[in-house]
Amino acid sequence: MLDDRRRPRLMRERHVAYLMKGLGGLGGSYVALDASRPWLCYWILHGMDLLDALPEEKIDDCVATLAKCRSPTGGYGGGPQQLAHCAPTYAASLAIAVLGTRRAYESVDRKGLYAFLLSMKDPSGGFRMHDDGEVDVRGTYTALAVAALFNVLTPELAEGAAAYALRCQTYEGGFGGEPGVEAHGGYVFCALAALVILNATDAVDLDALERWLARRQTRVEGGFQGRTNKLVDGCYSFWQGGTLALVAHVRRGHTRSDEAPPGLRALQRYILLCAQVYPEGGLRDKPGKNRDYYHTCYCLSGLAASQRLYGDDASTVVYGDPGNLLHETHPVFNVRVDKVARAAAFFAGLPHTHAELTSA
Amino acid sequence: MAAYEDVVPIAQDDGPNPVVPIAYPAEYARLMGFFRAFLASGERSPRVLDLTADLLEHNAAHYTVWHVRRQCLFALADGGDATVLGDEMAYSSDVASGNPKNYQIWYHRRALVEKLGGAYARPELTFIQDMLVGDAKNYHAWSHRLWVLTTYGDWDGELAFVESLHDDDVYNNSAWNHRYSVVALSGAVDAAVCRREVDYALARVPGAEENESSWVFATAFAKRDAGAAAALVAFCEDAKRDGGWGASCGCLHAALVDLYGRDDATKPQAAACARALASELDVTRAKFWTHKAEALTA
Ligand SMILES: [Zn+2]
């Protein structure tokens, strides 16, 4: 875990081995994630992609498995023959972007997807996670992110969505899952990313958000907590660290582009020294907890986000071994920026109006 | 077993070389075969209801199984079964105790209460209260509680409930947030209410001076009324005077940055507080406070 100069080192090979093992197969205890298989694909593939270790020989198998999770009603379910749901739809879409091949892109049924997303719209302006499912700002973000990625984000789909997300900002400055509910790192990311997609951040109280974010980094550990007076957890390295990157992105349009990023080294130290599982590989919530694919993905994503908060090489911050630098991740989609650009180039030329997408 | 002997199971269509395949427990795989068959046939009956319960023991996050379970329940209730939904409340309470952080179970409760109507609001608040005994910061439980309150308007006793949780743990931020929403949504937020809430928070500062929750709560209500703001500022200045405890309190200074920062005449005081935070009271976020001080003096 240390390099020859005793600097904290990202154990790339160990993490890749752990991720690769999961892609090949999972034990019986993973039955609890049987409605999350597109998530498992995304967590593993994006983690490997950040580490520059996407397994080329597995790409077609991944495309095929994701295609099996497609629902006849449009969108993706948590596994084959499951109901379409915004969360696995998001995970599958991101995984397709990570895979980045023409075959992966062509596996997307854009019209079906669009019909599914439209059918999830709720009168509140939010999105339902699935037919007969809950409405919260995860629905807003996952639906809009997918729509933006595949170029089906129409005014008809976006209508009312920004107002709903804005209503989730609380007196603390963060955002909750629903209007009036406690500010929480996961929902903060979802709400702000959704508003960035909609280009509707003007009505966000950014000062209050920045204050809340700055305070979520814990003094002793250097990692992030999800809510006020809760414990630090490695996955918030991305949910909060990614939100820092989004705020930096929003601010760039106004002022303060040269502002020194707060606590990035402390965050990276937490990820490298507390979240890495030594010697097995994989990353975790905190010491004493087991590694898992979710935390491995979001600890690595948080590390990547904090290394290039401003998306340019000049302000790159790498704590520990210089080899710890990961590929740059897109602050809205949490997919490598080159992969987002590649997908955007492919989908840009395809039909994208409401009329085109709803024609028979 | 015999219950499904007329049913031809449908296998999972995983394709030839699936990635992330799960080595399913044999019983789960067998039952899922029947479940997929019922999903396809549209049968919604007592035996399908039983099957969903068996599957949820293996995987309580299987939202498709929950969905079919609700379809069975509502079909049976609409068909004249007078007890099936009441029984379901008891069943889902049990499942919730074992899976308190599961999205599906909490949505299920919401859908059931919606179906059963307002008479079930009060018992639901009691159920949530019991769940909060196990984890007083359970996010889903708090969300659900706010939904019950805003939907059925039964606000009586809610402030006292929050107060009892703060007697147990004054750092419980979920309870602080809930109190804010209850006050904001249940009636007019006038000067007297703002003052009452600032006083509520300040009464809980002694012994927990660096509790961000109470300070941010007080500041939020102070921002809504000038009299309440004056009371909060007076409290802070009093505590800072002559090297009192407030002189070294980070949260107190952060509150003053907010309150003084709202008015050009007091911005220099706000900047001074931000500099004190940057240099000694909250050095972890020194850069944030330095920037704040610069913005206030610009
Ligand atoms: Zn976590």
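These values consider heavy atoms only, across backbone and side chains, with no hydrogens, waters or symmetry-generated copies.
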* Structure fact -> Rounded to the nearest 0.5 angstrom, the OH-CZ distance for Tyr107(B) and Arg128(A) is 5.0 Å
* To do: Working to the nearest 0.5 Å, report the span between NZ of Lys137(B) and OG1 of Thr228(A).
  => 9.5 Å
* Between the main-chain N or O of Gly78(A) and the side-chain N or O of Tyr63(B), is there a donor-acceptor pair closer than 3.5 Å? -> yes
* To do: Heavy-atom pairs under 4.5 Å with chain A are the metric here; pick the option from His178(B), Lys223(B), Arg36(B), His108(B) that has the most.
  => Arg36(B)
* Structure fact -> The interface call for Ile44(A) against chain B, heavy-atom contacts under 4.5 Å, is side chain
* Among Arg216(A), Arg227(A), Lys230(A), Arg211(A), find the one that has a salt bridge (charged side-chain N to carboxylate O under 4.0 Å, His left out) with Glu212(B). => Arg216(A)
* Salt bridge between Asp13(B) and Lys68(A), side-chain N to carboxylate O under 4.0 Å? -> yes
* Got a second to check how far Asn17(B)'s CG is from Asp60(A)'s CG, nearest 0.5 Å? -> 10.5 Å
* Under the ring-ring contact (aromatic ring centres under 6.0 Å, His included) test, residues paired with His295(A) that sit two or more places apart -> none
* Sub-3.5 Å donor-acceptor pair from the side chain of Thr284(B) to the main-chain atoms of Arg219(A), do we have one? -> no
* Asked: Who among His85(A), His130(A), Met129(A), His184(A) has the most heavy-atom pairs with chain B under 4.5 Å?
  -> His85(A)
* To do: Rounded to the nearest 0.5 Å, what's the gap from CD on Glu182(A) to CG on Leu146(B)? Could you check?
  => 11.5 Å
* In terms of heavy-atom proximity below 4.5 Å to chain A, should Tyr139(B) be classed as side chain, backbone, both, or neither? -> both
* **Interchain contact, Lys292(B) with chain A, by part (heavy-atom threshold 4.5 Å)** => side chain
* Any side-chain heavy-atom pair of Tyr171(A) and Thr219(B) under 4.5 Å -> no
* To do: Measure Pro88(A) against the heavy atoms of chain B and call it side chain, backbone, both or neither at under 4.5 Å.
  => side chain
* Structure fact -> Most contact-rich option vs chain A, by heavy-atom pairs under 4.5 angstrom, among Ser174(B), Ala295(B), Ala60(B), is Ser174(B)
* To do: To the nearest 0.5 angstrom, please state how far the NE2 atom of His67(B) sits from the CG atom of Asp131(A).
  => 5.0 Å
* Which distance, rounded to the nearest 0.5 Å, do you find between the CH2 of Trp176(B) and the CD of Glu172(A)? -> 11.5 Å
* **Those residues that, when tested against Arg138(A), pass salt bridge (Lys or Arg N to Asp or Glu O under 4.0 Å) (two or more places apart)** => Glu134(A), Asp136(A)
* Structure fact -> Checked His58(B), Met32(B), Gln12(B), Gln71(B) vs chain A; the most non-hydrogen pairs under 4.5 Å come from Gln12(B)
* Asked: Does the side chain of Thr170(A) come within less than 4.5 Å of Asn177(B)'s, by heavy atoms?
  -> yes
* Asked: Counting only N and O atoms by type, is there a donor-acceptor contact under 3.5 Å from the side chain of Arg37(A) to the main-chain atoms of Ile22(B)?
  -> no
* Max heavy-atom pair count under 4.5 Å with chain B, selected residue of Gly180(A), Ala183(A), Ala35(A) -> Gly180(A)
* Atom group of Glu178(A) that falls short of 4.5 Å from chain B, counting heavy atoms -> side chain
* Asked: Counting N and O atoms only, with roles assigned by atom type, does the side chain of Tyr28(B) sit under 3.5 Å from a partner on the main chain of Gly28(A), one being a donor and the other an acceptor?
  -> no
* Pick from Ala64(A), Cys62(A), Pro179(A), Ala208(A): which one has the most heavy-atom pairs with chain B under 4.5 Å? -> Cys62(A)
